[in-house]
Amino acid sequence: MSPYLISDADLAATTELGKLRRDRTTVAEAEASNAAEIHADYVRALAAGDGEQMALIRDHAYAIDPDLVAELDGFDYPAAA
């Protein structure tokens with residue numbers, strides 16, 4: 001999950017801005033943000049050649065949504081022209 005949403009969750013109890021952000025963030029937006037962060041983490045691990053980190057990210061992605069693993073698998077294939 002986005003660190004911004006986690007921070008807003010903490011701020012929601014004490015600030016109007018935090019509460020407003022939490023009230024306006026949909027579940028779909030939070031899920032999309034989480035998926036985007038998983039993709040970004042995986043790309044960094046792939047670029048670094050960190051197979052252990054890639055495996056951990058894949059396990060985490062599978063626990064969230066098995067379709068995310070298929071998306072991560074696509075990073076290993078060149079794009080079609």
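Atom set for the values below is all heavy atoms of this structure, side chains included, hydrogens, waters and symmetry mates excluded.
- Between Arg44 and Asp50 there is no salt bridge, since no side-chain nitrogen of the basic residue lies less than 4.0 Å from a carboxylate oxygen of the acidic one.
- Contact check for His39 versus Leu68: side-chain heavy atoms found under the 4.5 Å cut-off.
- Arg58 pairs with exactly one of Asp65, Asp41, Asp73 by the salt bridge (charged side-chain N to carboxylate O under 4.0 Å, His left out) rule, that one being Asp73.
- Without hydrogens or angle criteria, Glu29 side chain to Thr26 main chain gives a donor-acceptor distance under 3.5 Å.
- Linking ILVMFWY side-chain heavy atoms closer than 4.5 Å, directly or via other members, places Ile38 and Val43 in a single hydrophobic cluster.
- Residue Ile64 is grouped with residue Ile57 when hydrophobic side chains (ILVMFWY) are merged at heavy-atom distances under 4.5 angstrom, including chains of intermediate members.
- The NE2 atom of His60 lies 5.5 Å from the CG atom of Asn34; values are rounded to the nearest 0.5 Å.
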